[in-house]
Amino acid sequence: MLQSIRIRGGVGLNGAVDISGAKNLALPALVTTLLTSESVTLTNVPDLADVRSLLGLLSHLGTDIKISDDKHTVTLQTKNLRDVVAPYDFVRKMRASILVLGPLVARHRMASVSFPGGCAIGTRGIDLHIKALRLLGADVKIENGYINAEAPGRLTGAEINFSIPTVTGTENSIMAAVLANGTTTIINAAMEPEIPALVELLNGMGARITGHGTSVISIDGVESLHGTSYEVIPDRIEAGTYAVAAAATCGKLILKNCNHGHLLSFFETLHAAGVACDATDDGVLAYRRSNELCAVDIQTAPYPGFPTDLQAQYMALMSLSTGTASITENIFENRFMHVPELCRMGANIAIHGKTAIVTGVKKLNGAQVMATDIRASVSLVIAGLAAEGETVVNRLYHIDRGYENIDEKMRNCGADVERISV
Ligand code: EPU
């Protein structure tokens, strides 16, 4: 039975919320098990549908997995592979399954990964992942809906120059290059905080990588990697989402464990809009600095710019500003699915190409709404929390892919929300 979330709006979110481990680091971090026969233990792993999907794929490939009772510590060991095929059913559910490609070819010389199709937020090519693997010496063919990659022996270090910075493409290339013969240089690498974190984990396994966190990463290949333990960093997108929820509901939230430095450009924008996000000893304190919200224009950009993964939530907030904000989505071509749904709740938003013009309204009204990706769906939850009356956001499974226990976390901060089966 499908689940929805029912929200009775108009209640401020107050108190403290524990920010979970970062989904977009946990996924590549789990995949590092494919690079070593020794065991890798990850702590602070978020308990999310996407993590469970990836664990399902790793188990299918032959990884032995132990999960602690609280689900946040995962120990993985891949002594021998049972299969090198990542079937359609896994990749269809989660595009990030493409992350197994690099490590499989690096250590096991072979991989066959179902070709991820388009997804709700855009076509999202994987040409750059394939280009990088080919430069490292793999033979890559697209056959019958699969990416079939084979390496004659160890991959060979190379210069990989990305035309655009790609997050999972950079991660895949790093994980392919760690076991290569010689040095690899990635130029125009993505700089999102999850990349240096992944490199820290890999270096802890014996990899020799430098330059992470900058746009040029250098990887000296090693013959083998060993096991390690690693704590997943806090989820900056979850933290940013709760900051917006506090602001939209005129509440005050401590975002426990949030790393302030990972959200600087986002917090700068919120500050200009009238929302304080102060660094504290144990995280960040988010609240409105003034009664009224100013309209502030933004454009999404690769890190350290304004994150595309917070664009939908920010738009829900700007729907309640006192002016007109222009929001431009530069990363994905179809990431405005929340717009018609926000308009059903009374928002005033017009789309012109990749820009949404958001004219603030005095109030939003509760409605039945639905969206088709994680961030769009959560923006509707935020709108529902701020709206007058009852909102039901359908297809909760999108939110469960990326937000741990969202209903419980919000209830703990005073929100009137419940999970219902429809
Ligand atoms: N692109 C290509 N070819 C490629 C790879 C990317 O054209 O081979 C394009 C994409 O279509 C997009 C741009 O490059 O226009 C940037 O995409 P990127 O590859 O950086 O995105 P991703 O690695 O697929 C990760 C996150 C996304 C996040 C983006 C951007 C993970 C598992 N996913 O995706 O997270 O939006 O980076 O920051 O890390 C989410 O968590 O909701 C989410 C979608």
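One-based numbering, in listed order, for ligands and for the atoms of each.
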With a 4.5 Å heavy-atom cut-off, do Val85 and Tyr146 have their side chains touching?
->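 Heavy-atom side-chain distance check passes, below 4.5 Å.
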
Would [X] count as a polar contact of ligand 1, with the cut-off being nitrogen or oxygen pairs under 3.5 Å?
| X | answer |
| --- | --- |
| Glu171 | no |
| Ile331 | yes |
| Gly125 | yes |

Can you sort out which atoms of ligand 1 are near Thr308, meaning under 4.0 Å from one of its heavy atoms?
->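 Those qualifying, in numeric order: 30 (C), 36 (O), 38 (O).
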
Can you list every ring pair (Phe, Tyr, Trp, His ring centres under 6.0 Å) pair that touches residues 35-60, not counting sequence neighbours?
->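 Matches after skipping sequence neighbours: His60-Phe90.
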
Mind checking whether [X] contacts ligand 1 via backbone (N, CA, C, O), side chain (CB onward), both or neither, at a 4.0 Å heavy-atom cut-off?
| X | value |
| --- | --- |
| Arg375 | side chain |
| Phe332 | side chain |
| Val167 | both |

Is any side-chain N of the basic residue among Glu194 and Arg236 closer than 4.0 Å to the acidic one's carboxylate O?
->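 Answer for the salt bridge query: yes.
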
At the 4.0 Å heavy-atom cut-off, does Arg335 count as touching ligand 1?
->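 Contact check Arg335 vs ligand 1: positive.
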
Which pairs would a plain distance check flag for residues 176-191, meaning a side-chain donor or acceptor within less than 3.5 Å of a matching protein atom at least two apart in sequence or in another chain?
residue, atom, partner, partner atom, Å
Thr183, OG1, Asp220, OD1, 2.5
Thr184, OG1, Ala158, N, 3.4
Asn188, ND2, Phe162, O, 2.9

